[in-house]
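Per chain, numbering begins at 1; letters A, B, ... match sequence-line order.
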2 protein chains.
Amino acid sequence: MASKRATISDVASLAGVSIATASKALNGRQDVRAATRERVLAAAAELSFQPNALARGLISGQTRTVGLLTSDSVGRFGIPVLLGAEDAFGAGEMAVLLCDARGDAIREQHHVRALLSRRVDGLIVVGESTNPRPSVSKDLPVPVVYAYGPSEDPADVSFVPDDVGAAAMAVRHLLAMGRRRIAHITGPSHYKAARDREEGLRLALSEAGVAQAGQTLSGPWSQRWGRHAAEMLLMAEPEIDAVFCGSDQVAAGFVEAARERGRRVPDDIAVVGYDNWEVLSTETRPALTTVDMNLERLGRTAAQHLFAAIDGKATPGVHRMPCQLVIRDSTSPPGIS
Amino acid sequence: MASKRATISDVASLAGVSIATASKALNGRQDVRAATRERVLAAAAELSFQPNALARGLISGQTRTVGLLTSDSVGRFGIPVLLGAEDAFGAGEMAVLLCDARGDAIREQHHVRALLSRRVDGLIVVGESTNPRPSVSKDLPVPVVYAYGPSEDPADVSFVPDDVGAAAMAVRHLLAMGRRRIAHITGPSHYKAARDREEGLRLALSEAGVAQAGQTLSGPWSQRWGRHAAEMLLMAEPEIDAVFCGSDQVAAGFVEAARERGRRVPDDIAVVGYDNWEVLSTETRPALTTVDMNLERLGRTAAQHLFAAIDGKATPGVHRMPCQLVIRDSTSPPGIS
DNA sequence: TACGTTTCCGAAAACCTTTAAGTCCAGGAG
DNA sequence: CTCCTGGACTTAAAGGTTTTCGGAAACGTA
């Protein structure tokens, strides 16, 4: 460990000026002769002076720090959002204070207080699912932005993926590929994501005047469920030519089971997944056409919006961010692959 | 946004005492009459007073904040370590300042300076691989602990998974199951993880006086490589009865290709993976026996060690943390599953 | 009464920086 | 010569808290 850290008064006395002059020189302000500024800068470099952000924050009232509150950071979805936010902040001089409430409301309140006591300039709350969640607290002295999981309170600012639009886009792609007997396997219906994606499916089907093949099958978001659902579906609706799956895990399971049952993908049945979780979507055979929610961008956008809210005006409400369809082999026209 | 935040002097005047007395009452110190303490506490509650951590840190010289510097947070390995560290810190009153250098040394130095200027009490550096990395900086005024990726400088404190020991444990398990023709498929040899795991394999084999079946096959850490290696291996060494894979991705690829070639797992060939990446290890059929590096615990331990280093003495050097073998169906004795 | 002890509380310094206000001086205008 | 202007620099206050030390009151003892 190095010896005591240099303060601005050390710099000032080494340069032979007052503290105020040193401060002005270091901050590039007027009223300092060029020669004097040089001396101060040289002194600062020699002492490897780093201004104390605490003292600075105490005066300015701005810490240039934001809190990032996650409910379940182990989840696959929180992480990219977090990364995107960190990215946007890191570009400036902002720092991110990370807290994980692990789904516990008490702990969340505790963290909010701790962050407030550290005088963060703003808060980003990233949810573990797209289900609306309780507002973190009314009347906080700093702006709050919700990412991935929106706030229940429409007066708050939330950024969520446009699941309905993305699902419709995915299904339109299947229709454009000439598929007409489209089935749907997805996750538990208490997930808004599952309901939204189904809504998107219905939307695209009704636009085209096509009926859904069989009932929507709901189960866990797992590969195992994808396999199981595949067996049920191929029994009940043997003539399907496409499946829209609510997640890549489900899709990977479906593909595997379908192949074992002698159905070729994509020749007999085209498959679309969701999430673009690359370890699954690019490693299955064939690689999966899937929806990429672009979560890093969502996180970045949320962070940029927090900036705006910090020094100015926010635009409340739920902002739906467009997703992207990544087209791979699992939806190629028959005979191509 | 709420109105101006209450300060301790607001609390003091509401309670009708001096600032000093208010401070003592709030911090549970002696020399305050019980009744007075009550009044102060009540006033603080009424104003929902939160002490300003900046002012407090300015005096005490302790911010109760640590910096978490990651080189590649998108990686699967950094995240659990980060979570474990956050966990250990969150238990106390510590907060974590997260920075992602994205593998760029310049950016890393920039972040170190920013963190130092914020007066963090310590630093955790989490690597993206177990390859030793340059020390973040000499003579920092705060303690530094490296997690997952150790520092090149043996005077630093590093915590890494015991890959050699874990690999040996995995291979001993195969031997205990009666397997004698054991092959090895792993990742690129410029990864220390790949070299260490191979070393563990050799160790366990030579203990038992058993020769490795064929050469070690090195390739990318991917499922695709696992499939490809399986084809080569089953051609070159058709009589193998077990494979130790350097990662679950490789193992999943191997299992898939082996089954397509008509080899039953585990009856004909037992398979062990590495990482316990659950989306792969529990969803393959059969579920994979694999090594769990227990990265969250590693992160927690690193954090706890940082505590120790902050207020006392550190024990320099590379600390190897034991891993755990998770036994599943892919190594069951023939005839069981 | 004088004095010592205990108990409770307040004044003020300290932490480090920024900034508003003030000082000093040279030089130009009248 | 006086007055004014502007540049270059310094002084001092402010920001919120903790902590040391001194003071005051209350009480007991001689």
key: A:F49 vs B:A34, nearer the 5' end of DNA chain C by closest nucleotide   = B:A34
task = Ignoring the backbone of B:R33, work out which of C:dC8, D:dC9, C:dA14 is nearest its side chain.
result = C:dC8
task = Please work out if B:L54 contacts a base, only the sugar-phosphate, or nothing of the nucleic acid, heavy-atom cut-off 4.0 Å.
result = nothing
ask   = Looking across every strand, which nucleic acid part, if any, lies under 4.0 Å from B:S60 by heavy atom: base, sugar-phosphate, or nothing?
value = nothing
Side chain of A:T21 - closest among D:dC9, D:dG16, C:dG10 = D:dC9
query = Going by distance alone, is a donor N or O of one side chain under 3.5 Å from an acceptor N or O of the other, for A:S151 and A:D156?
reply = yes
inquiry  = So if I take every side-chain heavy atom of B:T36 and compare against D:dT17, C:dA20, C:dC9, which nucleotide ends up nearest?
reply    = C:dC9
remark   = Between CG of A:L58 and P of C:dC16 the distance, given in whole Å, is 13 Å
inquiry  = It should be established whether B:R56 places a side-chain nitrogen or oxygen under 4.0 Å from OP1 or OP2 of nucleotide D:dG16.
reply    = no
request  = Round to a whole Å and report the spacing from CG of B:N27 to C1' of D:dT17.
outcome  = 9 Å
ask   = Given D:dG15, C:dC8, D:dT17, which nucleotide is nearest the side-chain atoms of B:A55?
value = D:dT17
task = Nearest whole angstrom, please: distance from the P of C:dC15 to the CD1 of A:I8.
result = 15 Å
task = Let me know the distance between CG of B:L26 and P of D:dT17, rounded to the nearest Å.
result = 9 Å
ask   = What is the nucleic acid contact for A:T7, judged by heavy atoms within less than 4.0 Å: base, sugar-phosphate only, or nothing?
value = sugar-phosphate
inquiry  = Is there a side chain to side chain contact (heavy atoms under 4.5 Å, CB included) between A:L306 and A:V66? Walk through the geometry before answering.
reply    = CA-CA 9 Å; A:L306 184 59; A:V66 303; 3.9 Å; yes
query = For the side chain of A:V32, counting heavy atoms from C-beta on, which of C:dT18, D:dC9, D:dT18 is nearest?
reply = D:dC9
message = In this structure, how many angstroms lie between the C1' atom of C:dT17 and the CD atom of A:Q50, rounded?
response = 14 Å
task = Among C:dT19, D:dT19, D:dC9, find the nucleotide with the atom closest to the side chain of A:R29.
result = C:dT19
message = Tell me the interatomic distance from B:R5, atom CZ, to D:dG16, atom C1', rounded to whole angstroms.
response = 12 Å
Donor-acceptor side-chain pairing of A:R37 and A:T21 below 3.5 angstrom = no
request  = Please state whether the rings of A:F77 and A:Y148 are parallel, tilted or perpendicular, taking 30° and 60° as the class boundaries.
outcome  = parallel
inquiry  = With a 4.0 Å limit, can you tell me whether A:S23 has a side-chain N or O closer than that to the phosphate oxygens OP1/OP2 of C:dT18?
reply    = yes
task = Identify whether any heavy atom of A:N52 sits under 4.0 Å from a base atom; if not, whether one sits that close to sugar-phosphate; answer base, sugar-phosphate or nothing.
result = sugar-phosphate
Rounded interatomic separation in angstrom, taking CG from A:D31 and C1' from C:dT23 = 14 Å
task = Considering non-hydrogen atoms only, spot the tightest contact between A:G57 and B:L54 and give its length.
result = C-CD2, 3.5 Å
message = Consider side chain to side chain contact (heavy atoms under 4.5 Å, CB included). Of A:D121, A:T65, A:T63, which one does A:M94 pass it with?
response = A:D121
Nucleotide nearest A:I19 (side chain, heavy atoms from C-beta), chosen from D:dT10, C:dC8, C:dT18 = C:dT18
message = Rounding to an integer number of Å, can you tell me how far A:Q62 CD sits from C:dT19 P?
response = 12 Å
inquiry  = Determine whether a donor-acceptor pair (one donor, one acceptor, N or O, separation below 3.5 Å) exists between the side chain of A:K24 and the base of D:dT10.
reply    = yes
